[in-house]
S.K.: 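Starting off with a structure, shown below.
Throughout, protein chains are lettered first and strands after them, A, B, ... in sequence-line order, and every chain is numbered starting at 1. The structure displayed is predicted, hence computed values, not measured ones.
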Amino acid sequence: MNVEVRPVVPLASSSVGALAAMKGVFSRDMKVAFRQRQDLLNPLLFFIMVVTLFPLGVSPEASFLREAGAGILWVAALLSVLLSLDHLFRHDFDDGTLEQLVLQPQPLFLLILAKTMAHWMLTGLPLVILTPVLGVMVHLDGNSIAVLCLTLLIGTPVLSLIGAIGAALTLGLRSAGVLLSLLIIPLYIPVLIFGTGTVAAAAEGASVGAYLALMGAFLMLALTLAPFAAAAALRISLSNG
Amino acid sequence: MWQFFHKLGSPKWFFGISTRFMPWLLMSGIVLLMAGVVWGLAFAPKDYLQGNSYRIIFIHVPTAFMAQSIYIMMASAALVTLVWRMKLADVFVKAVTPVGLVLTFLALFTGAVWGKPTWGTWWIWDARLTSMLILLFLYGGVIALDRAINDEKSAARAVAVLVLVGVVNIPIIKYSVEWWNTLHQPATFKLTEKPSMPAEMWVPLLLSVLGLYLIFGWLACVRMQTEILSREQRTRWVKEFVLKGKV
Amino acid sequence: MRSAHRPDYGALMSEPLLQAVNLQCERDKRILFRELSFSILPGTVTRVEGPNGSGKTTLLRMLAGLNDAWTGELNWCGSSIANQREVFLRNMLYLGHRPGIKPLLTPMENLRALMAGRRPVSDAVLRQALQGTGLSGFEDVPCRNLSAGQQRRVALARLLIADEPLWLLDEVFTAIDADGVTALEALLQQRAAEGGAVLVTTHHDLALPGMQRLTLGAGGVTDER
């Protein structure tokens, strides 16, 4: 007897590559951000204001500022990245697009990498661009400003990447913002130390190649490991929600 | 092998077996610690540079050592939590985090007390003290995250991710803090670099480290048992245990 | 008919697309359901029923892979989902409570973003889908200027371009008007006729001919098929 076999349910087979998916996530985040420009401005304003506090609160002496300037700018940049991290997944979580992101038939860590890259373009990069102006205001010399910008250029993506882990872990929790800072600040310490240390070394006339290479190594390490940790954390947080 | 592994993960099995060896842990721990501390404080020779004040290392070093190794143990348990979802690993991490926090604090405190006669100040941004301070932050973060998540399974897994991220960072933090220290304060702390110790000093030190290890084992068991009872309160064996007093 | 290898191009009408064996889910120390087993055949609409708090949403999130605090077995076309996550995700469409729509983006941009990681779809097809859900003229208006029902319709437009055989729809009738409900009911039935499988939770009084019910209750679970 012939049994009629009916393969009637076509399974979806076509799919786009991971790169196209990453591009989709990236461009969506950029678009959303540029529809709400005030949100882009906030971390920058915060950055400028924190820097302003130091001459007012400690000393406006050029000698002090020259010595502490790189550290002040680094701490301010770190804090404004921290401030912006709370939004990294929050809005997506609230409107349900995060669920749809996780359910894309793509490796989640790559999608998170794309989101983090968008986050850095929107917060870290503008901070780097603003740094020369503030550097002049704290009496840094040209060479120090250049090195400072370079360290921030390498360092701020690390801040975004590590921060993504914290943002994913604290997603949907009460007082997530404060908790996020508590979890993440200790992990930021090495980047801060080497960021400011490199500028200090440059000011003493030492060669900074080795330091920058080390910061590059931090960036590589963060690029390879942080998206996995953030993906795991995101799954856990969503599972809870 | 797998069956054994599975059994090892069973809270009930752990409860039964731990009750049996806990008294031994506690007793041997106390004996070793007392021996180490009394020997160290009363009988070990004076340090030719620091006099008697160095004797705080018999408390400082064991606590600092434990504080760090507890984090490593937590990281191993966190890996087990994420990979095999073993309940006991969750319980371990949750039970020992506060112990690690307290020991880190004690290490910092004794470090400060030691610093006063040695460096003439309570606090100094010495590389070791600073990295212990950061370790304290890490412990604090773990506890804060655990408290913030209601569902205990999600909390355990989130904490596991955080602990693993932390353990990857610890060597980096240590290295960078040491580098930072030499950059900012070039070699004023030669005193902290211990000269090669005579046996009369390091043997009691070793004893007290071992003793503290054993006492930690006992404390971890006590706290894990409490945690297990609260988690498994709905199960039959816990109800029977509460009624009859044995497993 | 069960064979080790499974043709990639399709599933058989007689074999379950999705199979759950002995699912147990615990949440905040409360067991939502245990020993829950069921199969979802192609060409069916299944309504997940139960009182508030019985775990309907949790079940759908579990099936979608969003919630992983459960034990048991979940199979897609005969083999475990855990081993073929991406294949499963490619074949599954989940719409949750939260519509998954960015208020700042237009319906077109939203749909494009939703499809970006799945498969390439031309703008013409997307426009057609939006028209199909009654959103013609609103294609390029930011979603925050649309009503709740219209935003929900943007999410539902995905159903019109979906090629995924399994749909998991959680409370999709919320905020939809009477005409929309009728159209959606027709769509679900048409999908079943095409060989797709739909799981749906709703407070709306849904009764399609041939619809199956999966009832979750306070005291254990009954499977009334």
S.K.: Between C:Asn110, C:Leu114, C:Leu104, which shows the greatest number of heavy-atom pairs under 4.5 Å with chain A?
M.R.: C:Leu104
S.K.: To the nearest 0.5 Å, what is the distance between SG on C:Cys143 and CE on C:Met108?
M.R.: 11.5 Å
S.K.: Quick check: does any side chain N or O of C:Ser80 sit under 3.5 Å from a backbone N or O of C:Ala82, one acting as donor and the other as acceptor?
M.R.: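 Looks like yes, one N/O pair under 3.5 Å.
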S.K.: Taking NZ, NE, NH1 and NH2 as the nitrogens, is one of them in C:Lys56 or C:Glu171 under 4.0 Å from a carboxylate oxygen of the other?
M.R.: no
S.K.: So, taking the atom named CG in C:Leu66 and the one named OH in C:Tyr94, what distance separates them when rounded to the nearest 0.5 Å?
M.R.: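 Those atoms lie 5.5 Å apart.
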S.K.: Mind checking which of residues 102-125 of chain A sit less than 4.5 Å from chain C, heavy atom to heavy atom?
M.R.: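 Residues A:Val102, A:Leu103, A:Gln104, A:Pro105, A:Gln106, A:Pro107 are the ones that qualify, each having a heavy atom under 4.5 Å from chain C.
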S.K.: Which distance, rounded to the nearest 0.5 Å, do you find between the CD of C:Glu73 and the CG of C:Leu23?
M.R.: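 Between atom CD of C:Glu73 and atom CG of C:Leu23 there are 9.0 Å.
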S.K.: Got a salt bridge between C:Arg98 and A:Asp94, using NZ or NE/NH1/NH2 to carboxylate O under 4.0 Å?
M.R.: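 Here C:Arg98 does not pair with A:Asp94 in a salt bridge, since their nearest N and O are not under 4.0 Å apart.
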S.K.: With heavy-atom distances below 4.5 Å as the criterion, would you say the side chains of C:Leu32 and C:Trp70 are in contact?
M.R.: no
S.K.: Given heavy-atom pairs under 4.5 angstrom as the criterion, report whether the side chain, backbone, both or neither of A:Glu99 touches chain C.
M.R.: both
S.K.: Determine the sole option in C:Arg119, C:Arg90, C:Arg191, C:Arg118 for which the salt bridge (Lys or Arg N to Asp or Glu O under 4.0 Å) test with C:Glu164 is passed.
M.R.: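 Going through the options one by one, the only one that passes is C:Arg118.
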S.K.: Return the option, out of C:Met92, C:Arg158, C:His97, with the maximum number of heavy-atom pairs under 4.5 Å with chain A.
M.R.: C:Arg158
S.K.: Rounded to the nearest 0.5 Å, what's the gap from OG1 on A:Thr131 to CG on A:Leu152? Could you check?
M.R.: 4.5 Å
S.K.: What part of C:Ile101 gets closer than 4.5 Å to chain A, counting heavy atoms only: side chain, backbone, both or neither?
M.R.: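 For C:Ile101, the contact with chain A is made by the backbone alone.
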S.K.: Backbone N or O of A:Ser239 within a donor-acceptor pair of the C:Arg61 side chain at under 3.5 Å?
M.R.: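 Not at all, since once roles are kept as given, no pair shorter than 3.5 Å links the two residues.
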S.K.: So how far is it from A:Leu219 CG to A:Leu161 CG, rounded to the nearest 0.5 Å?
M.R.: 7.0 Å
S.K.: State the CD1-CD1 distance between A:Ile185 and A:Ile162, to the nearest 0.5 angstrom.
M.R.: 12.5 Å
S.K.: Applying a heavy-atom distance below 4.5 Å, give me the residues of residues 163-183 of chain A that approach chain C, sorted by number.
M.R.: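 Within residues 163-183 of chain A, no residue comes under 4.5 Å of chain C, counting heavy atoms only.
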S.K.: Which answer fits C:Leu166, side chain, backbone, both or neither, if we ask what part of it has an atom under 4.5 Å from a heavy atom of chain A?
M.R.: neither
S.K.: Examine whether an atom of C:Trp76 lies under 4.5 Å from a heavy atom of chain A, and if so say whether it belongs to the side chain, the backbone or both; otherwise answer neither.
M.R.: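 C:Trp76 touches chain A through side-chain heavy atoms alone.
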S.K.: Using 4.0 Å as the upper bound for N to carboxylate O, is an ion pair formed by C:Asp140 and C:Arg127?
M.R.: yes
S.K.: Among C:Thr57, C:Leu105, C:Asp68, C:Leu93, who wins on heavy-atom pairs under 4.5 Å with chain A?
M.R.: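 Most pairs with chain A among the choices: C:Leu105.
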S.K.: Which atoms of C:Met62 come close to chain A, meaning under 4.5 Å heavy atom to heavy atom: side chain ones, backbone ones, both, or neither?
M.R.: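 No part of C:Met62 comes within 4.5 Å of chain A.
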